[in-house]
Each structure stands twice: as C-alpha cells, then as structure tokens.
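These numbers come from a predicted model, not from an experiment. All values below come from the heavy atoms of this structure, side chains included, with hydrogens, waters and symmetry mates left out.
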Amino acid sequence: MISLSSQFPILVALAPLMAAPFCALFRGNTLPWALTTIISAFSFYVSLSLLFSVTTSGPISYELGGWAPPWGIEYVVDPLSGFMLVLISGISTGVLLFARESITKEVPAHQLGLFFAAYLLSLTGMLGICITGDAFNIFVFLEIMSLSSYALIAMGERTDRRALTAAFQYLILGTVGATFYLIGVGLIYMMTGTLNIADIATRFPEIEGTRPILAAVGFIVIGIGIKLALFPLHVWLPNSYTYAPNIVTAFFAGTATKVSVYLLIRFIFTVFGPDYSFAGLGLTDILMPLAILAFLSMSAVAIYQTNLKRLLAYSSVAQLGYMVLGIALASESGLTASVVHIFNHAIVKTGLFLSVGCMFYVIGSTYLKDLHGIGRRMPVTTFGFALGGLGLIGVPLTPGFISKWYLVVAVLEKGSYFGYALVAALMVSSLLAVIYIWRVVEVAYFRPPPEGTETKEAPLSLIIPTWIFILGSFYFGIETSFNVGFAKAVSSFLMGGA
C-alpha cells in the first residue's frame, strides 16, 4: 500500500493547484479564504515533513508517472529546495491569517473567489519551481506563478487604478524574462538532449566551452535577473509592490523574488557549476558590481519616497543586492550569507508590509503625509513597524544583523583592499537604511496627528499575524540554529559538488 507521506513531494504543489478551481467557484469571503488557508497550512506541514526527511535521510527523488529520470519528470527535495519550501509555505500561511478582514477593503466581494484562486496558483508556481528537477518544468511553474501574480497585482485597482499599469508593466518585463529563460533552456537541450537538471549537470563539463552554452548561460542569467528584480532590471518591482493589495505585497515581498534568487543559485551551483560560472565565465565581475550598485543606489532612492510601500519596495531591491553579493563572492561562506539573508529578509519584510497593511486598514492611505502622528494613533502597529525597521538596518539581536555579519565575514575572507572597501560599502548602505527608516519614525512619532483623530488599532485578526512575523524576526535573530544552520548545510551541499 502506498503511504500518504510517500506522495508528499507531489502533494506539496498539487494540493494548491487542485484547490484553486474550487476557490474560483465559491462566493463570499469566508469559504475561499478558509479553503486557501487550510491548503496553505497543509503545504506548510508537508514542507516541514520533507525538510525533516532530507535532514535525517538525505535528498528525496520522486518520479512522476513511474517514468525514471531523465526520461520522466523528477521532483527533488534537497537541503536548498526543502528550505525554500518551508519558507514559502510558512510565509503564505502567516499572510493568509491576515487576509480575511484586510482583503475585503481592497478587493470587491464578487472577486474574492477569483482572488484566492489566483493566490493558490501563485503559491503552486513558487512551490513547483523549488521542488521540480526538470528545467522545462521550472518554466511551466514560472508561468503559473507569473500569470497569477499579474492578476493579483491588477486586483489592487479598486484602491488605485495605477495597479493596472503596474500589472501590465510586470507582464511585459516578466514575459521577457521568462522568454530569455526558455531560450536558454532550449539551447541547453539542443546540446545535451535532456531537460533533467541532474542529467544536464553531469553532461555539462563536456560542452561548457561551446558557443550555444555561452549564449544559454547569458539568456538564463538575464532572464532570472529580470524575475528577481536585479538592478538595473528592477523597474517592474516598485510599482507592483506599491499598488498591489497589501497582502499580495506582503506575500510577494517574502517569497516571489526569493524564488528567483533560488533559481539563480540552483543554476550557478548545480547546473553550471561554481568553477565554470566564476572561473570560466567570470560571473563575479558581472554580478558583484550590480549587487553593490543595488544596495547603495536603491537605499538612497528609498530615502526620497513619499509612499511607505514604495519606500519598502526600493528597500527590497537593495536587500536583493546583498543576496546577489553573497552569490558573487563564489565561496561557501558567501553562499551561506546569501541563503541566510533569503530567509531573514523574507521574515522581516513580510512583517513590515503587514504593519503597513494595518495602517492602510485604519487610515486608508500609505502616503507619509497621511501618517503624521500614526505612532500615537496606532501605537501597537507603529511600534511593530519600528522594530521591523531595526531588522532592515541590521541592529544586533535582529536577523538583519546576522545576515550582514555573515556577509562581512565572507567579504573579509578575500583579504584584499577591495574586501575592506566592500565592507565600508555595506556599512554605508546600513546608514542609508537608518535614514529611510528614521523618516518613517519621525513622521510617526514627532509629527502631530490631525486634529480630532482618536487612537484606533486594526482588528486583532490583523495585529496578531503582524506581530507573529515581527517577534519571529527577533527570535531568528537570537536563536539562529534553524536559519544559519540550514544555510550552512545548503552551502556545504552545493559547494560539495551537488
């Protein structure tokens, strides 16, 4: 008899995919929200089970349809994919706890079934990208994630019509990125005759110097760069985060770009191999300058924003620069720092966007000019935002400090003057983060609230999930055995020739 647990690798992505059509048929708010939350929680449970199995028994391979790889599609759970599955499904479940009341203010009641259906499809795409061991199957899940994401962002048009243009801009650039990725995969298939990632990695040394492979690497890296909003390919992200419904922004900030960083890590370290990627192609010379420009310039741009969601959006582009810098260092410690920051930034930024969602629920705006005195009007929410801001800055006892510590250690391993200059650049970016977070604190606590306003907090159903992420960020900033422990295991696994 086949046990249910043996089917977990397929169920983690299949469950939300199968539930999505039912959500589309439901009317009202409660049924589609309840089904979506239950399915997301189930995927979270399955992801935890898979990660535990990988930790105790090693990587898991699941053959779809009984076809052995490389002929059939293979789902693979290794330390990296298991880690990402837990992160994505966990953030999704936490955000959905926030969604029941908040979404009714932003999406018309008759669209809620379609909204949660699109949410489940987006979740399916993200989970599928992380678990599949097939390069073309990644493209399929990438499109499932992207098409549903365009719809979710566009549903913010009830509060701001610019959500439609933001979704269209993302659609155009997202399509270009996906097309570039597909062209790269096609060139690899032409040279290897296989789409199985492990099989490609085995055959890659025989063909790595050929022109089609050079072109394939270029197409794939640029395509993924667009999807992860790598500077200067980030132009779709600020508008998308600003005008999407608040729970969509919180969900995407913690997951969507992180999935693309996962893809970049997977192809560089598993398919192309670190030796060819960095010694042969010199990807460090391309990725490192872009990463430095990202965390310096985007932190500076964030200072001048007048919309709190847009400020945090530019901050996200800057934080992605830290993740890419860790990859570009081409070392085990650099990769550890990158994976640590994927997790830490996801927790912190989700909490921050949920705090902004609470403010929007009560105030009806996320513009700084409308948030004067918000610290006195919504003290619990604003204090949570301030604590989350400490995580972006990198204050000790926060996960941001842990990320930057490991990044600085990885940089100093270089031992050159350039390494010291890079540490100085990281310190400057942290000071810029102090400035843009202080702008919010100054507006919240040192500007008088409008006359006649009263102290009014968001409902507990919004406050509790927000504080789960805020307090969770401090937990992972103090007790680092999970985030740092798994990051080290991932980097050791990938650098060991996986």
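When only modelled atom types and interatomic distance are considered, Thr93 and Ser40 share a side-chain donor-acceptor pair under 3.5 Å. Under 3.5 Å, the side chains of Tyr436 and Ser315 contain a donor-acceptor pair of N or O atoms. With hydrogens and angles left out, the side-chain atoms of Ser43 and Ser89 include no donor and acceptor closer than 3.5 Å. If you check the side chains of Thr249 and Tyr243, you find no donor sitting under 3.5 Å from an acceptor. Using modelled atom types, one finds a donor on one side chain and an acceptor on the other under 3.5 Å when comparing Ser481 with Glu479. For the 3.5 Å distance criterion, the side chains of Thr242 and Asn239 fail to qualify, holding no donor opposite an acceptor. At a cut-off of 3.5 Å, with distance as the only test, a side-chain donor of Lys404 or Ser430 sits close to an acceptor on the other residue.
Met288 and Leu325 make their closest contact through CG-CD1, 3.8 Å (heavy atoms, listed as atom of the first residue, atom of the second, distance). Closest approach of Thr466 and Gly351 over heavy atoms only: CG2-O, 3.8 Å. Residue Ser338 comes nearest to Ile265 through the heavy atom pair OG-CD1, 4.2 Å, listed as atom of the first residue, atom of the second, then distance. Considering all non-hydrogen atoms of both residues, Ile342 and Met84 come closest at CG2-SD, 4.0 Å.
By the side-chain hydrogen bond (donor to acceptor under 3.5 Å, both in side chains) test, Tyr119 pairs with Ser92, sequence neighbours left out. Residues satisfying the side-chain hydrogen bond (donor to acceptor under 3.5 Å, both in side chains) criterion with Ser403, sequence neighbours excluded, are His341, Asn344. Residues passing the side-chain hydrogen bond (donor to acceptor under 3.5 Å, both in side chains) test with Thr366 are Asn307, sequence neighbours excluded.
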Show which side-chain atoms of residues 326-333 pair as donor or acceptor with protein atoms under 3.5 Å away, not counting sequence neighbours.
residue, atom, partner, partner atom, Å
Ser331, OG, Ser333, OG, 3.3
Ser331, OG, Gly334, N, 3.0
Ser333, OG, Glu413, OE1, 2.7
Ser333, OG, Glu413, OE2, 3.2

Ignoring hydrogens and angles, write down the donor-acceptor pairs under 3.5 Å from the side chains of residues 221-236, residues two or more places apart or on other chains.
residue, atom, partner, partner atom, Å
Lys227, NZ, Ser146, OG, 2.6
Lys227, NZ, Gly174, O, 3.3
Trp236, NE1, Ile226, O, 2.8

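Panel note: side chain Ser299, backbone Leu296; no donor-acceptor pair is recorded below 3.5 Å. Distance alone, capped at 3.5 Å, is enough to place a donor-acceptor pair between the Tyr276 side chain and the Glu208 backbone. Between the side chain of Ser473 and the backbone N or O of Ile470 there is at least one donor-acceptor pair closer than 3.5 Å. Between the side chain of Ser81 and the backbone N or O of Asp78, at least one donor-acceptor pair lies under 3.5 Å. Arg439 places a side-chain N or O within donor-acceptor distance of the main-chain N or O of Gln305, the cut-off being under 3.5 Å. With hydrogens and angles disregarded, no donor-acceptor distance shorter than 3.5 Å links the side chain of Thr132 to the backbone of Ile129. Between the Thr165 side chain and the Arg162 main chain, a donor and an acceptor come within less than 3.5 Å of each other. Checking side-chain atoms of Glu106 against main-chain N and O of Asn246 turns up a donor-acceptor pair under 3.5 Å. Proximity of a side-chain donor or acceptor of Tyr75 to a complementary backbone N or O of Gly133 within less than 3.5 Å is not detected. Side-chain atoms of Ser148 come within 3.5 Å of backbone N or O of Met145 as a donor-acceptor pair.
Inter-residue side-chain proximity for Lys309 and Phe353 is flagged as met; some heavy-atom pair is nearer than 4.5 Å. Residues Phe98 and Cys358 meet the side-chain proximity criterion, which asks for heavy atoms closer than 4.5 Å. No side-chain heavy atom of Tyr241 sits less than 4.5 Å from a side-chain heavy atom of Leu312. Contact of the Leu51 side chain with the Leu85 side chain is not registered, since no non-hydrogen atoms from C-beta on lie closer than 4.5 Å. Between Ile200 and Asn196, every side-chain heavy-atom pair lies at or beyond the 4.5 Å cut-off. The shortest distance between side-chain heavy atoms of Leu237 and Thr257 falls below 4.5 Å. Between Ile247 and Phe115, some side-chain heavy-atom pair lies under the 4.5 Å cut-off. Side-chain contact check for Ile197 versus Asp134: every heavy-atom pair is 4.5 Å or farther apart.
Checked against a 6.0 Å centroid threshold, the rings of Phe278 and Phe272 do not count as neighbours. Residues Phe343 and Phe476 place their aromatic rings such that the two centres sit under 6.0 Å apart.
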Does the side-chain contact (heavy atoms from CB on, under 4.5 Å) test come out yes or no for Phe180 and Val176, once each step is laid out? CA-CA 6 Å; Phe180 272 38; Val176 171; 3.9 Å; yes
Test log, rule ring-ring contact (aromatic ring centres under 6.0 Å, His included), inputs Tyr170 and Tyr150: CA-CA 7 Å; Tyr170 184 20; Tyr150 308 147; 5.0 Å; yes
Check the pair Phe44, Ile88 against side-chain contact (heavy atoms from CB on, under 4.5 Å), reporting the backbone distance first and the verdict last. CA-CA 8 Å; Phe44 183 44; Ile88 293 164; over 6 Å; no
Full working for side-chain contact (heavy atoms from CB on, under 4.5 Å) between Tyr420 and Val411: CA-CA 8 Å; Tyr420 298 125; Val411 168; over 6 Å; no
Residues Phe267, Ser277; criterion side-chain contact (heavy atoms from CB on, under 4.5 Å); working and verdict: CA-CA 9 Å; Phe267 272 89; Ser277 297; over 6 Å; no
Any chance you could lay out the side chain to side chain donor-acceptor pair (under 3.5 Å) test for Lys349 and Ser316, step after step, and finish with the verdict? CA-CA 8 Å; Lys349 193 55 68 72; Ser316 289; 2.9 Å; yes
Between Phe482 and Tyr475, does the ring-ring contact (aromatic ring centres under 6.0 Å, His included) criterion hold? Intermediate values first, please. CA-CA 10 Å; Phe482 179 81; Tyr475 173 81; 9.5 Å; no
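The structure places CG of Asn137 at 11.0 Å from CG of Leu142, a figure rounded to the nearest 0.5 Å. One finds the OG1 atom of Thr255 at 9.5 Å from the CG atom of Leu127 (value rounded to the nearest 0.5 Å). The structure places CZ of Phe269 at 13.5 Å from CZ of Phe493, a figure rounded to the nearest 0.5 Å. The distance from atom CG of Leu182 to atom OH of Tyr189, rounded to the nearest 0.5 Å, is 13.0 Å. Rounding to the nearest 0.5 Å gives a distance of 9.5 Å between CZ of Phe136 and OH of Tyr181. Here the OH-CZ distance, from Tyr367 to Phe360, works out to 10.5 Å after rounding to the nearest 0.5 Å.
Residue pairs meeting the salt bridge (charged side-chain N to carboxylate O under 4.0 Å, His left out) criterion with at least one member in residues 136-156, sequence neighbours excluded, do not occur.
By the neighbour-count criterion of 12 heavy atoms within 6.0 Å, atom CZ of Phe168 is sparsely surrounded, having that number or fewer from other residues, nucleotides or ligands. Heavy atoms of other residues, nucleotides or ligands lying less than 6.0 angstrom from CZ of Phe383 number 12 at most.
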